Amino acid sequence: MANVTGGNQPKAQVVTAPMVASVGRTTIEDGVVAKIAGIAAREVDGVYALGGGAARMVGAIRDALNTTDLSQGIAVEVGETQVAVDVTIVAEYPVSLQKVADDVRAAIHTAMVELVGMDVAEVNVTINDVHVPAEDDEVEVEVVQERVL
């Protein structure tokens, strides 16, 4: 219920905690930055995989061994206050390639600012392939048929 007596209300005091002086230095390794960028890129709708053909082949072997390389297809340059990221993706068909690239760029930018705490100089996206689901289905059927024979 509101105070309608016309008297002065006591003012709330805001007490701030004393600032702790920064002691020491935080170093974030390039591999950590690359892994965060890779995770962010993989979460974007329309991204089928990261990396080029050879990297994806090695990645498939690592996946089979349950040791996925989350920084596959990612290259980073980390400076004092800024980071630049190059990412190579395989897009799913049919998606707008520009939209996927823009979404990957936005996701990586957000991750770098919020999780790493660095400004983003640039995020370059290279789309080196388009995944067509029917192609993989046919290859899997051929492999299974060869094993049966």
Side-chain angles (χ1 to χ4, degrees), residues 10-149:
K11 296 195 178 203
Q13 289 184 330
V14 177
V15 179
T16 59
M19 296 296 287
V20 176
S22 295
V23 179
R25 178 181 176 160
T26 301
T27 303
I28 302 172
E29 295 289 331
D30 292 4
V32 174
V33 175
K35 188 178 281 191
I36 291 170
I39 292 168
R42 280 180 171 80
E43 292 177 348
V44 173
D45 288 336
V47 172
Y48 178 73
L50 297 183
R56 288 198 324 263
M57 189 178 306
V58 171
I61 294 168
R62 292 185 83 150
D63 288 344
L65 299 173
N66 208 17
T67 59
T68 302
D69 180 10
L70 296 175
S71 62
Q72 174 182 310
I74 304 288
V76 297
E77 292 180 31
V78 181
E80 290 292 319
T81 61
Q82 289 186 326
V83 62
V85 181
D86 295 327
V87 58
T88 301
I89 68 168
V90 176
E92 294 177 348
Y93 179 85
V95 296
S96 166
L97 299 181
Q98 288 298 328
K99 181 175 180 347
V100 171
D102 289 343
D103 291 349
V104 166
R105 207 172 276 112
I108 290 174
H109 185 276
T110 299
M112 293 299 106
V113 170
E114 291 181 2
L115 300 177
V116 179
M118 298 184 88
D119 293 327
V120 180
E122 63 183 1
V123 177
N124 299 310
V125 179
T126 301
I127 302 171
N128 74 343
D129 200 0
V130 175
H131 173 256
V132 179
E135 287 179 1
D136 283 349
D137 294 341
E138 291 172 13
V139 171
E140 288 177 20
V141 169
E142 289 175 13
V143 170
V144 170
Q145 287 175 345
E146 289 176 9
R147 288 182 185 166
V148 171
L149 299 175

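Everything quoted here is computed from the prediction, not taken from an experiment.
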Show the atom names and distances, to 0.1 Å, of all donor-acceptor pairs under 3.5 Å that link a side chain in residues 99-115 to residues at least two apart or in another chain.
{"unit_1": "Lys99", "atom_1": "NZ", "unit_2": "Asp103", "atom_2": "OD2", "d": "2.7"}
{"unit_1": "Asp102", "atom_1": "OD1", "unit_2": "Arg105", "atom_2": "NH1", "d": "3.0"}
{"unit_1": "Arg105", "atom_1": "NE", "unit_2": "Val123", "atom_2": "O", "d": "3.0"}
{"unit_1": "Thr110", "atom_1": "OG1", "unit_2": "Ala106", "atom_2": "O", "d": "3.0"}

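- Across Tyr93 and Pro133, no two heavy atoms sit closer than the pair O-CD, 4.3 Å.
- Of all the heavy atoms in Ile127 and Ala91, the pair that sits closest is CG2-CB, 4.2 Å.
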When the side chains of residues 23-32 are checked against the rest of the protein, which donor-acceptor pairs come out under 3.5 Å, sequence neighbours left out?
none

>> side chain to side chain contact (heavy atoms under 4.5 Å, CB included) for Val83 and Asp119? Distances and angles first, verdict last.
In response: CA-CA 6 Å; Val83 62; Asp119 293 327; over 6 Å; no

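- Just one of Val125, Thr126, Ile74 meets the side-chain contact (heavy atoms from CB on, under 4.5 Å) condition when paired with Thr88; it is Thr126.
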Scan the side chains in residues 34-42 for donor-acceptor partners under 3.5 Å anywhere in the protein, sequence neighbours excluded, and list what turns up.
{"unit_1": "Arg42", "atom_1": "NH1", "unit_2": "Leu70", "atom_2": "O", "d": "2.9"}
{"unit_1": "Arg42", "atom_1": "NH2", "unit_2": "Asp69", "atom_2": "O", "d": "3.4"}

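- Heavy atoms of other residues, nucleotides or ligands lying less than 6.0 angstrom from CD of Glu77 number 12 at most.
- With a 4.5 Å cut-off on side-chain heavy atoms, Ile89 and Val87 count as touching.
- With hydrogens and angles disregarded, a donor-acceptor distance shorter than 3.5 Å links the side chain of Gln72 to the backbone of Leu50.
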